[in-house]
Every structure is written in C-alpha cells, then in structure tokens.
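First up is the structure itself, then whatever we jot down about it.
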Amino acid sequence: MDAKAYNAALAELRKDRDQIKKAKAALASLEEARDKKIRTLAGYEKANAERIAPAAGLRLADIARIAPALTPPALHGSEPAAPGNPADDSLHPPAPFDNKEAPTSTAPSTVAPGPAQPQNPARDDHQEPAPALAAAPGRDRELPSVPDGEQGDRWFAHTPNLASTHPNFTQQARSTVFLDTTTGTLVHRDQTLRLPLPDTRAATILQAVFHAVPEGTERIFITAGDPWHHQADQHPFLKDAVAAWLNAPIDGWRTDTGRGKDKMAGHFVHPRNPVGRYQSDNGQFHVEIRSVGEWFDPEGADPTTIRDAFVLLWKTLRAHWNDAVLMGSPSQTGRDLWTRTIPVRGQHADGYPVLSEELRGLLHATAGQGRTELLTPPAVPDQLPALVEYDRTFAYAKHTWKSPVGTPRRITARTFVSWSEKEQVKALYGCGHWHVRVTVPDTWNHVGLLPAPAPGDRAWHYPATPGTTFTTWAGGPEIHTALTNPLTPWRIEILDGLLFDDGKPLDDWARKLKEAWATLAAQADLHGDPAQRQAARLASRAVRSLLLYGIGSFAQRPRMVTGTTPRTAERDVPADAEIIGFTGETITWQRPTGFTRDPNAHPEWAAAIWSGARAALLTQRHRDDNTYAGALHTPPGAVVAFRTDAVYLTAPQPWPYHGQPGDYLNKGHLTGPLAAPTTEEQLLALRDAGRTVLKET
C-alpha cells in the first residue's frame, strides 16, 4: 500500500465512522421510543410481561428494568440460604452476636439484632406485606469484593507520597460577569449593561461580553436562558445538544488546554449545567462559561440580585476564612475551603493520606449516594389520600461530626466472629464499610433498609420482600439501623469489612459552613429589602451547595473531559478518546480522566456521610423532643418515594422542626384522592403542585 492508497482508505474509514455515529443515534432514539411504549403498556391493569417481552424482543429481566411494575413473580425469588445459616430465624433467632459456634474457616459471621428502639405505635402488624417491585438481587450486577489472602491485604494501605495538606498559597479571584441571555442584561461589578444578542451561540456570547468588557473577564455566569439548549430539537439527546453548543468552532478561540497549576481544561458536558472553557488563539484570554444552576436555583432573580448573592456569600465566608475565594463551582470552592481547615500543627499536621487506588475503586463501586426510590401499587394504595413532602434541611451537615481516618483494618469473617459482643458492637457503631449478606425478616411489612445492586452501572434498589437474602456493601449507620430498627431486627452476616479509626477531619469545616448558612438564613428572614432577602436566601442555598458538592468531590469519581480537534490534525486526538461528534472542520471527542493523583481524594468520607444520610431517612432521634422521625415511624404503605434528602408520604406527621440541620421540613402537601405516581415525571409534577398549594395556604 502506498501513501495515496493509505490516505484514501483513511477517508473511507472516516465515512464509516460518521455513518456509525448516525446509526447509533437513530438506534438510541428507537430504543427510547420502545421503552416509552412499554411503560405505557404497564399502565394497563392486565398487562403481562410474558406477552410484552417477545413483542419487544427483550428478556423478562429487561422488561422488569424498564417497567418495574411488570416484574413477573418468577423474578421475585430470593437466593437460597447459605449452609449453616438458615434464612428463617423467626422461630429460633440466634443470641445477640452469638459466636459459640465460630466457624473454623472464613465462613461469614452472623450478627443478630441488638436492643431495638421503642416500637412505633402507628405500626399495623396485620397489614399484608407489600411485594417487591424490582428484580431479585441475585439477578443484579455483582459488587466487587476484597481478594483473599495477601493480595487483598495489600489493598489496606495508602498511596505513597499523596496526602491532603494545608495549602501554602492564596487562591486568586477571577474577574466575573453575570449574563441573562434571554434579556441580554450583563452585570459587571457595579455596572449593568444591555448586550445585543442576535443569537445565543457561544461565539456570540464571547464576542458581546468582550466587546462590553474590553479589559477581559475570566468567568461568565449565565443566570437565565440556558443558551446551550437552543438547538435541542435538532439532537436525539439533550447532552448531544450541549456538546454541539460547546464544541461549535469560534473564530479567534479554541478549547482551553489549562494553564499553570490549573488542571481544569476542556469542556464539561452536562445536560443542565455544562462548563465551557475557552482560550483566545493568542493565549491572552482564558474564560469559562458556566451556569449559576451549579450553585442554586435562581428562581427568576435578575443578574443584579444574583451578583449580590455571590458578594454576600463571599463576605459571609470571609468571616470564617480570611482567604476565602469563590471559585467556579461549589465543589471546587467547598473543597478548597476544607483544605484551609487542615491543621498545620499537632495531630494530622502532616495531612490526611489518600487511600490505595484499589480501596478507592472499591468504595467508588460499592458506596452509593442518596436514596432514590419510587414505590408504586400494590406497595402503596392506587389512590393516595394525600402526598406530603418532608425534606431534611441541610441534611449532610448533620453527618459530618465523625469521619473515618487513618489506614483501615481489614476485618474478615473469622476475625469478627472471634471478638466479644462488646467488640462487635463497637466495630459496627464505628466508621466502617461492611460486606454483608442480609436476610429480610419473614414478618417484614415496610420499606427496604439496605441498598442492593440493581442492573445498571450505579443503580441501587432496596429489597423488602420477606425472606429475601442478598449480598451487598453498607456503611456502619445503615448496619446499625438494620439491627436496631423500631420494627423488626434484620439478620446481618459479616463477610468482610473495612474498619477505620474515628476522627473529625470535616468537623471544623462543616461547623463554619453551618454558621455561615445560619447567618444568611437569618438575613433572608429579617432583611427589610425584598431584593436583599432574596439575595440572602440564594446565598444560603449556595452554602448548602458548598457542603453538598464539596462532600461529593471527595469521592473523586472518574470524569469525562471533552475537546475538539481540527479534522486536519486528526492525529492529535488523544489515543484514549472516543469520537462523539464531528463537523466538516472539527472532531469532538471525550476521554475519561480516571483516578488521578488527587491529594484530596477521600471517598471514605463521602461514603460515611451518604450512609448516615440514608439511615436518617429511615429513623432519626430528636433528643430535645424525645421523639423519632423518619420513614420507619410511619404505617406500612405510607411511604410513596425517597429522593436523596426527602421522603414522600400519604399523610402528615407530627415530626418536630426547629430549622436545624437534619430536621424534617414539610415542603409540600397535596390533598387527595390522587392517583399514585408510577413514573418520576408524575411524582415531580405532584411534588411541584404540593409545594405550590402549601405556599399558598
């Protein structure tokens, strides 16, 4: 083959690539339409998965994944009980932490329930248990585990020469403007300008802003208009429309490749809050286009009020950090502020070491985030008497007082069963992440307590069918809840575990953020100027985002970075990149960043907080009021849905609310009868209606 033939073959290969991309988009559109039809069929009372599956060309398990209400009885079965560990302990339950028959091998060690909390007086012991709505856990994806022997023991270490330490530099502020692309209103410092925007392309925005602010700006916050959605009707998915908007060629500009110590390069494609990073061809200007939706819902506020909210946020944070600087996102800012609370002397003055890559990968795969679950008939009534929303105020701030520190110890089943009852209780109440086999009690008639892996890369569900046995990973707070819940203790078998020392690496950071939040919340209630009240309210929500997304950033999830390359320089496309779009002049690609050597990667902290928050959705004690709140303190069948920090119920509850982090706030109340929602869209529509009604009344 000569050079001419080689180039001709490359040209044909590019044509094939383009056709494949188009075919994939068409296929995705067809599959989305098919799934929508299946969900529509599920609404028919006599719908049958066995008939729908062959008509759709899918398996029964696929039908159950698309429309959980169609899950056939055959998929509700549970795994067989492990030898020597019968699933039915209702007649002869083991004694608490009984280790009289300790196995001589590494067989799982059984943990029986400890003392339970006071029984819920509203519990109806005669109600029939609700059937599960998801496929049996045994048919779901399998979670990873720690290898046996020395290979697994080597995981229990820290990454050499990598630790979180107090920064030795001052963060630099960036010149920022606020732009409403619907009205063209631009706020720059104390100036308000009106820009002519014939369209909302990134090229038009950059040209207009830099014409109005000739000295240059480094960050453009879009307050309204969502310009990245202006051609959404021309793409099969919203994310494709965003990618096309970000990567459209701009004369005089190209995708930013980073500078100095700033590793943030390339665009970030997100369907609602993307980030465009550009640099001028001469290298003089670097600018980001971002959405304020990363920080808070602007609620129709004008750019001036939003600017005031950011100024107020910065001034409030300065009362606690004299070097506080607002960065582009709340996750960046939150984590930067945390590093400035790391001790410079005394314990942990050398920093907080980063776990081995193996343990970080394990936590990434086995520690889910907020609980999102919709319970549909027959788990709830077909007609709901009401839909009441309770949302936990500033929830994650409630769970930062204790966090895991140090190198974890591996606790095998053999080790655990050899301990005394006191040692076992202490371990399970400590900072741990446990590989367990779980059995739902035969008399159970309420919601599921522990997450189990479901089909999908990061999907989880919560088995509640009596007698079901499944294997999963769970944090200490959830294990504690399963063992001491106010209804019936669950059976837990320890297979393996990570046990850390208890520490307070986040306590000072969270305390300062809680104080800032309380200050701004008070101003939102008491300020005499309505515009300043709104600015204070938005700023208080930004503080919530600092903590929420700051915690999420500790998890260090693998990210995708996108970029563009001229078709004439195709060889410059990164070798590990995936081609996701193209025009006659440019190629758009994305590539995973993977687990980098991030000195602030601490997924063990995020996992512990998420576990505590999920457990508090089920039961939470209010010491000052001597009472409990949470889903388990409602009658069976009363829980309609969970959404991260919120629970949706069929009746109002007498739960105390004092405006403190973790308290349950009644945010919506819609009186029925209401048809039980069967999709997320229906739930959100009812939620919004309930919030409107409650606000009006």
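Here, residue 1 is the first one in the sequence, and each next residue gets the next number. Predicted model, so just to flag it, every value in this text is computed and none were measured.
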**Prompt:** Side chains of F221 and I289: does their closest heavy-atom pair fall under 4.5 Å?
**Reply:** no
**Request:** Apply the side chain to side chain contact (heavy atoms under 4.5 Å, CB included) test between R335 and each candidate in L546, I551, D598; give the one that qualifies.
**Result:** D598
**Request:** Would you give the length of the straight line joining atom CD1 of I220 to atom CG of L206, rounded to the nearest 0.5 angstrom?
**Result:** 5.0 Å
**Message:** If you apply the rule side chain to side chain contact (heavy atoms under 4.5 Å, CB included), what do you find for L326 with L317, and how did you get there?
**Reply:** CA-CA 9 Å; L326 299 184; L317 293 175; 3.8 Å; yes
**Asked** Do S164 and N600 have side-chain atoms, one donor and one acceptor, less than 3.5 Å apart?
**Response** yes
**Request:** To the nearest 0.5 Å, tell me how far T200 OG1 sits from Q231 CD.
**Result:** 8.5 Å
**Pairs involving residues 391-401, ordered by first then second residue, that meet side chain to side chain donor-acceptor pair (under 3.5 Å) (sequence neighbours left out)** = R392-H399, R392-Q620, T393-Y657
**Prompt:** Roughly how far, to the nearest 0.5 Å, is CG of L683 from OG1 of T678?
**Reply:** 10.5 Å
**Asked** So, do W245 and H230 sit near enough that their side-chain heavy atoms are less than 4.5 Å apart?
**Response** yes
**Asked** When you check the gap from the basic side-chain N to the acidic O, do R537 and E299 get nearer than 4.0 Å?
**Response** yes
**Prompt:** To the nearest 0.5 Å, how far apart are CG in L649 and NE2 in H669?
**Reply:** 10.5 Å
**Prompt:** Does a donor on one side chain and an acceptor on the other come within less than 3.5 Å for H658 and D663?
**Reply:** no
**Asked** Any side-chain heavy atom of V639 sitting closer than 4.5 Å to one from Y648?
**Response** no
**Request:** Could you tell me whether R254 and D281 have a side-chain N and a carboxylate O separated by less than 4.0 Å?
**Result:** yes
**Message:** With side chain to side chain contact (heavy atoms under 4.5 Å, CB included) as the criterion, how do L179 and I205 come out once you've worked through the C-alpha distance, each side chain's angles and the decisive distance to 0.1 Å?
**Reply:** CA-CA 9 Å; L179 174 65; I205 292 173; 3.8 Å; yes
**Asked** Does R544 CZ have over 12 foreign heavy atoms under 6.0 Å away?
**Response** no
**Request:** Ignoring hydrogens and angles, state whether a donor on the side chain of D336 or T333 is under 3.5 Å from an acceptor on the partner side chain.
**Result:** no
**Asked** How are the rings of W605 and F554 set relative to one another: parallel (under 30°), tilted (30 to 60°) or perpendicular (over 60°)?
**Response** perpendicular
**Item:** Lys/Arg-Asp/Glu bridge criterion (N-O < 4.0 Å) met for R511, E515
**Value:** yes
**Request:** Can you run down the side chain to side chain donor-acceptor pair (under 3.5 Å) pairs that involve residues 687-697, sequence neighbours left out, and say none if there aren't any?
**Result:** E389-R691
**Prompt:** Under the ring-ring contact (aromatic ring centres under 6.0 Å, His included) criterion, do F310 and F178 qualify, and how do the steps go?
**Reply:** CA-CA 10 Å; F310 276 92; F178 300 86; 5.5 Å; yes
**Request:** Give the C-alpha distance, both sets of side-chain angles, the deciding distance and a yes or no for salt bridge (Lys or Arg N to Asp or Glu O under 4.0 Å) between K512 and D508.
**Result:** CA-CA 6 Å; K512 291 179 177 181; D508 187 35; 3.8 Å; yes
**Prompt:** Between atom CZ of R174 and atom NE2 of H286, what is the distance when rounded to the nearest 0.5 Å?
**Reply:** 9.0 Å
**Asked** Does atom CD of Q207 have more than 12 heavy-atom neighbours, drawn from other residues, nucleotides or ligands, at distances under 6.0 Å?
**Response** no
**Request:** Start with the C-alpha gap between F210 and W253, add the side-chain angles, then the distance that decides, and say whether ring-ring contact (aromatic ring centres under 6.0 Å, His included) holds.
**Result:** CA-CA 12 Å; F210 276 81; W253 296 85; 5.2 Å; yes
**Fill in**
From the list V292, V187, T182, side chain to side chain contact (heavy atoms under 4.5 Å, CB included) partner of T223 resolves to V292
**Request:** Taking atom types as modelled, find out whether S291 and N273 have a side-chain donor-acceptor pair closer than 3.5 angstrom.
**Result:** yes
**Prompt:** Could you give the distance from CG (D256) to OH (Y278), rounded to the nearest 0.5 Å?
**Reply:** 10.5 Å
**Request:** Ignoring hydrogens and angles, state whether a donor on the side chain of D323 or T170 is under 3.5 Å from an acceptor on the partner side chain.
**Result:** no
